[in-house]
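Structure record follows, encoded as C-alpha cells.
Sequence lines set the chain letters: A, B, ... in the order given, protein chains first and strands last, and positions in each chain run from 1.
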Amino acid sequence: MNSDYSSDEMMTIAASRALTNKDVCFVGIGAPSAACNIARLTHAPDITLIYESGTIGTAPNILPLSIGDGELCETAISTVPVPEMFRYWLQGGRITIGFLGAAQLDKFGNINTTIIGDYKNPKTRLPGGGGAPEIASSAKQIYITMKQSLRGMVEEIDFFTSFGHGDGSDHRKSLNINTDGPSLLITDLAIWKPDPISKEFTVYSIHEGVTKQMVQDNCGWQIKFFENLEVTKSPTELELKTLRDLKERTQRANSRKEDN
Amino acid sequence: MNSDYSSDEMMTIAASRALTNKDVCFVGIGAPSAACNIARLTHAPDITLIYESGTIGTAPNILPLSIGDGELCETAISTVPVPEMFRYWLQGGRITIGFLGAAQLDKFGNINTTIIGDYKNPKTRLPGGGGAPEIASSAKQIYITMKQSLRGMVEEIDFFTSFGHGDGSDHRKSLNINTDGPSLLITDLAIWKPDPISKEFTVYSIHEGVTKQMVQDNCGWQIKFFENLEVTKSPTELELKTLRDLKERTQRANSRKEDN
Amino acid sequence: MAEFLSLNEAVSENLKEGDTVCFEGFTHLIPHASAHEVIRQKIGNLTIIRMTPDVIYDQLIGMGLVKKMIFSYAGNPGVGLLRRFRDSVEKGWPNKIEIEEHSHSAMAHAYEAGAAGLPCAVFRGYLGAELREVNPNIKTVICPFTGEELTAIPSLKPDVAFIHAQKADKKGNILIEGILGVQKEAVLASKRSIVTVEEIVENLNSHPNATVLPDWTVSSICHVPGGAHPSYARGYYKRDNASYIEWDKIASDRDGFKNWMKENVLDVGVEVFQNRIKNLIENDNE
Amino acid sequence: MAEFLSLNEAVSENLKEGDTVCFEGFTHLIPHASAHEVIRQKIGNLTIIRMTPDVIYDQLIGMGLVKKMIFSYAGNPGVGLLRRFRDSVEKGWPNKIEIEEHSHSAMAHAYEAGAAGLPCAVFRGYLGAELREVNPNIKTVICPFTGEELTAIPSLKPDVAFIHAQKADKKGNILIEGILGVQKEAVLASKRSIVTVEEIVENLNSHPNATVLPDWTVSSICHVPGGAHPSYARGYYKRDNASYIEWDKIASDRDGFKNWMKENVLDVGVEVFQNRIKNLIENDNE
C-alpha cells in the first residue's frame, strides 16, 4: 500500500480501474484522458480510445494538451473527418463509455458547462457544451469525473448543458433516450453510482483516508450512501508509477518544445 | 474534311465539342465517356471528369469498361466514398454537365431505363436508374446521347426513370427543380436543343450527309426543326485520330490482359 | 472483436436463412468468394441489398436463394443486362423475387444513414421520378426552416454485410484503398460483418486518413486471396473483363447456368480463387 | 478555378463588411494568418462561425469586428476560458456580440448538410438539452417510417471559408492530411474560400483517398508558410503550446490585449509567420 499520493491521483486511478479492454471510450481532455491512458497502460491494453478530433484507437505516449494534438493522430488506427466522428461513431452507437467533466453537476448527473447565472446575461460565460449534449445521449454509459466542491456539486444547476437522469427515475426513458446515462461518478473523495430506482448519485466507495463527513462537506446536496459502503483501494505502486511516468513524459515533451 | 467515319464516331465527336475547360462532368460509361475524354484530349484539357464510383478529376489513358475501373482511380485527383460523391458533389450542385443515355426517350427529354411494359409485370426488365434520377435534377445541365431508333425515341415512355422537361414548358419549375434539365441531345444523325418555350427537343443541326427525312424516319415523334438549321461539321482529322487512338489503346490494353 | 475464421465457418456462424444481407463493392473489391460460399451452404430466403447487383446477385437469384432484392442498378457493367435476374422478374424462374428499387443516391444515403444510427435518410431525390409512385418506401419530410419538401427513405440496416478488402493486420483492423464504394458504411450499418482479405500483415502502415475499419467493428475476417475475382483488388490483381463478358453467355440459358454453377461453385472450394487471378496479378513494370 | 494571390489581395477580394465567415481548423491547421489579415483590413460587422472558436476568435471579437458568433465550444484548448469573448458577452466590451450556440454534433452536421446542398441537417441531437430552449434554430422533424422525433437545424452556408492546408499543387488542388476537422465541408458549404498553404508543389503525389479539394472548389490560394501558428501543421511544425498559455495572460485585460494586437498583428505583415515557427519545425530524428 502506498499512502504518498494526491487525491487527484486517486481520482484518476479510480477512474482508470472502471475501464476494460472491451470499452470504446470517447475521451475528453484532462482527468478523463489521463484515466483512459492509465487503463491502457496497465490492465486494459486493448481499450479503444477515441477523441472527438476524429482520432480512432489512439495510443498516445504522452498526454495530449488538446483534443487535436498531433500525437493523437500519429498513434491512431485511423483519423476521420469530424462530421464522420459524430455521425458514424458517436451517433452510430459505437461508444461504450463517454467521459464527461462538469462545471456544475447535480445529484442526477445533469451537467452544466455553459453559463453561471442567466443564459442571456450570464455572470460567467463558460465554454459551452462542445460534444457533451450528444455524448450524454449516444454513449451507452456516461462516466463523470470531477473534483468535489460546494460550487461544483449543487442542488440545482444553472443550465442543462447535457442531460443525465433529469429529475431521476425513468425521466430519460420518457424522453426516448435509450442509453444508460451517468452510471459512475468518480471524484477526488469517492466513487458514486446511481441508486437503481431514483437514479440519484449515491456514494458507493470512499477513497482510503477520506471520511463520510469530508465527502458531505464538499457536496452541495444532502448525500446518500449505499448500505455496504466500500473503501476504494489506494493506488498500487504500478498504477502510481504509470501515472507519474506518463505525466513526467508529457511535461518533458512539452518543455523540450519550448527549449528548442 | 474526312468522310470516312461512322455515324457513331460522328455522334461521339459532336458530343465532345459541346464540352469546355470549365465543365465538371458526371460521366456515364459508353458514348458519354468517350465524348468526355475526346474533349479532354483535344480542345478541353482542363475539363473535370467525375465518375460515380467516386473518382474526381480523372484522366484515363484508356476508356474504362465500367464506372469503377482501376484506371479511373489511378489517374484521379481524389477518390471519395460513394455516399460523399452523391451528397457533396452531385447533390451539392457542383456538376455542370450530367451525361445520360436512354433506352427510351421522349420529345421532352424524359428518360426510361427501367422497364419496357408494366412495372409490376415487365416485358423487359432493364437495369434501372442508377445515378440518373438525381443526376437529372442536380446537374446544372443534362446532355443526352443515343443512337436514333423508332423503339428508342418514342411518343410516350413506359416509365419516368428520370425527369427531363416533363410535359414541357415550365413543368420542371413547377416541381421545384431549379436546374436547366436536358439542354442538348446528340444522336448519330443530328444535334437537338429544346425549344425555348415548349422545351420540345428540336433539331438544331444535322450531321453532314444526313437528310431531314432520315432523322424523322428514325424518330417516333413528329419532329420540329429550328429555322436556321445547321449542318454539323464532319470530324476533323485530329478528332478522328484522337478517338480512334483512344479506342485502339483501350482494345490493346484489354486484349493484352487476356493474352497474359 | 473480429475473429479470424475460415470462410466456411464465418458464413455458417453469421448468416442465417431469411436474413437481410449485402455483398458490397463498387466494381472494385466485390466479394465473389463469399457469395459462392453462401451458395454452397444453400442459405436461402434472403433479402439481398446492393447498389449495383451484378454477377454474384445473378447467381444467388438463379440458384433460388433470394426472396427480395433492394437495389438501384441491376446490370453487368460494361456488358449488358442480368439474365438470371430478368428470368426471375419476367418469367418467375426459379422464383419471382420481390424488388424494392431505388436510385444510387438514395441507396448511398440509406447506407450512410444506417451507419449514422438514424432511422431514415433525408436528401433531395427522385424529383419528378416515377420510382416514388411504385416504391412505398419513398416518402417526404418538410424542412422546418425553408419549407422545402425533401425526400426520406428508411436507412439500410442489414443483418450481415460481406465485403472484400486488401489487408487486415494481425489484430483485425481492415484497410481498404482505391475505389471505396459504400463498404465502410455497409459494415457500420450492419449487425454483423464478414471481411475477406487478400493479405494479413503485421502492421497496416497506412496513411493516417486511409479507410480503416477497426477490428471491433467487424465480426469475422477470412484470408481469401483472389476473393474478389473477377472483380479486382487494387495493388493485387486486375479486373477480369473476359469473365464478365463470358457471364452474359453462361447466364443466357437455365441449363448452361446450372451446369456452370455446379462445376465452378458447388463442386469447388474457396481455394480456387487464388488460381483464378494468376494471370491478372498487377505488375509494376507493365 | 483557384487564383494564386497574396493574402492581402485574397482577403480584400473575397471578404466584405457584414459577411458570414468561418475560419475552420480543429486544433490542427487553424488559419491564424488569415484572421490577422482580416483584422489588419478592419473588415467588420461579421458573423463568425466555428465549432471551437479559440484565440483568433477572441482576437476578432476583442477588436470589435464581430456582430454575431455561431459556435459550439468557446475555450482556449488545454488552457481555459476565452477572456475577450467573456468580456463581450458578460460586459459588452467592445460590443455585445449576439450568439447562436450549438453542440459539436450539430455544427458538424450543419457544415456537412451545407456541403451536401441541403437546407437543413437532420440528426439525433440535444435530447434533454437546454440549448433547444434558448436557440430558436433548433427544431424537429418526424421520421415518416418510425415516428421518431429527430432534430433539425439549418445547414451552414458561409459567404467565405478560410482554411490552412499543407500543400497546393501548381494547378491549385489542395491537400489536407492528419486531423481533418470540418475543413473540407466548410469550403464546400461556402460561396467563396481562401486557402493558405505551407507549400506549393509540382504534384501532390498523394494517397488516392487523401483529402484533396480540387482547384475549382477554391477561390484563392495564398502561400503562407507558418500561417497556422500557434496551431500546427502536421509534417511541418508543432503546436506552440506556450503561445496558447501566454494568450490567457495577454487577453486578461483590455489594454494589454490592445497593445499586443498593435505590436503583433496591426504593425506587422503576413511574413512574420514563417519566423514564428522556426523553433517548432518537425524533426524526424527527434
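Highest contact tally toward chain C, considering only B:Gly117, B:Pro122, B:Ser162, B:Gly166, is held by B:Pro122 [criterion: heavy-atom pairs under 4.5 Å]. For the set B:Pro127, B:Gly68, B:Gly128, the count of heavy-atom pairs under 4.5 angstrom toward chain C peaks at B:Pro127. With respect to chain B, the highest number of heavy-atom pairs below 4.5 Å among C:Ser105, C:Ala129, C:Ser103 belongs to C:Ser105. Comparing C:Lys91, C:Met51, C:His104, C:His102 by heavy-atom pairs within less than 4.5 Å of chain B, the highest count is held by C:His104. Between chain C and the residues B:Gly70, B:Gly54, B:Pro64, the most heavy-atom pairs under 4.5 angstrom are made by B:Gly70. When the candidates C:Pro53, C:Ser72, C:Gly75 are compared by the number of heavy-atom contacts under 4.5 Å with chain B, C:Ser72 comes out ahead. When each of C:Lys278, C:Glu185, C:Glu148 is checked for heavy-atom pairs under 4.5 Å with chain B, C:Glu185 comes out on top.
Only the side chain of C:Arg234 comes within contact range of chain B, with at least one heavy atom under 4.5 Å from a heavy atom of that chain. Only the side chain of C:Ile99 comes within less than 4.5 Å of a heavy atom of chain B; its backbone N, CA, C and O stay farther away. For B:Phe159, the parts lying under 4.5 angstrom from a heavy atom of chain C are both the backbone and the side chain. For C:Met107, no part lies under 4.5 angstrom from a heavy atom of chain B. At a 4.5 Å heavy-atom cutoff, the contact between B:Thr161 and chain C is made by backbone atoms alone. Looking at C:Lys96, the atoms closer than 4.5 Å to chain B (heavy atoms on both sides) all sit in the side chain, from C-beta outward. Interface remark: C:Tyr111 contributes no atoms to any contact with chain B (heavy atom separation under 4.5 Å). Residue contact with chain B, scored on non-hydrogen atoms closer than 4.5 Å, involves the backbone and the side chain of C:Leu127 alike. Within the 4.5 angstrom heavy-atom criterion, atoms from both the backbone and the side chain of B:Thr124 approach chain C. Neither the backbone nor the side chain of B:Glu84 comes within less than 4.5 Å of any heavy atom of chain C. Only the side chain of C:Phe85 comes within contact range of chain B, with heavy atoms under 4.5 Å apart.
Residues C:Arg239 and B:Ser66 meet the side-chain proximity criterion, which asks for heavy atoms closer than 4.5 Å. Contact of the C:Leu131 side chain with the B:Phe160 side chain is not registered, since no non-hydrogen atoms from C-beta on lie closer than 4.5 Å. Looking at heavy atoms from C-beta onward, B:Lys123 lies out of side-chain contact with C:Glu90 at the 4.5 angstrom threshold. Contact check for B:Val82 versus C:Leu180: no side-chain heavy atoms found under the 4.5 Å cut-off. Within the 4.5 Å cutoff, no side-chain heavy atoms of B:Phe86 are placed close to those of C:Glu112. For the pair C:Pro77 and B:Ile67, the minimum side-chain heavy-atom distance is 4.5 Å or more. Using a 4.5 Å cut-off on side-chain heavy atoms (C-beta onward), B:Ser53 and C:Thr27 make no contact.
Residues B:Asp69 and C:Tyr232 share a closest heavy-atom pair of C-OH, 3.2 Å. C:Leu81 approaches B:Leu126 most closely through the heavy-atom pair CD2-CA, 4.2 Å.
A donor-acceptor pair under 3.5 Å links the side-chain atoms of B:Glu134 to the main chain of C:Tyr126, judged by distance alone. When atom types are taken as modelled, the side chain of C:Tyr73 and the backbone of B:Gly131 share no donor-acceptor pair closer than 3.5 angstrom.
Of the inter-residue distances, the one linking B:Thr55 atom OG1 with C:Phe26 atom CZ reads 9.5 Å to the nearest 0.5 angstrom. For the atom pair B:Asn178 CG and C:Arg124 CZ, the distance stands at 8.0 Å (nearest 0.5 Å).
The number of heavy-atom neighbours closer than 6.0 Å to NZ of B:Lys247, taken from other residues, nucleotides and ligands shown, is 12 or below.
The pair B:Arg125-C:Glu101 meets the salt-bridge criterion, with a side-chain N (NZ, NE, NH1 or NH2) lying under 4.0 Å from an Asp/Glu carboxylate O.
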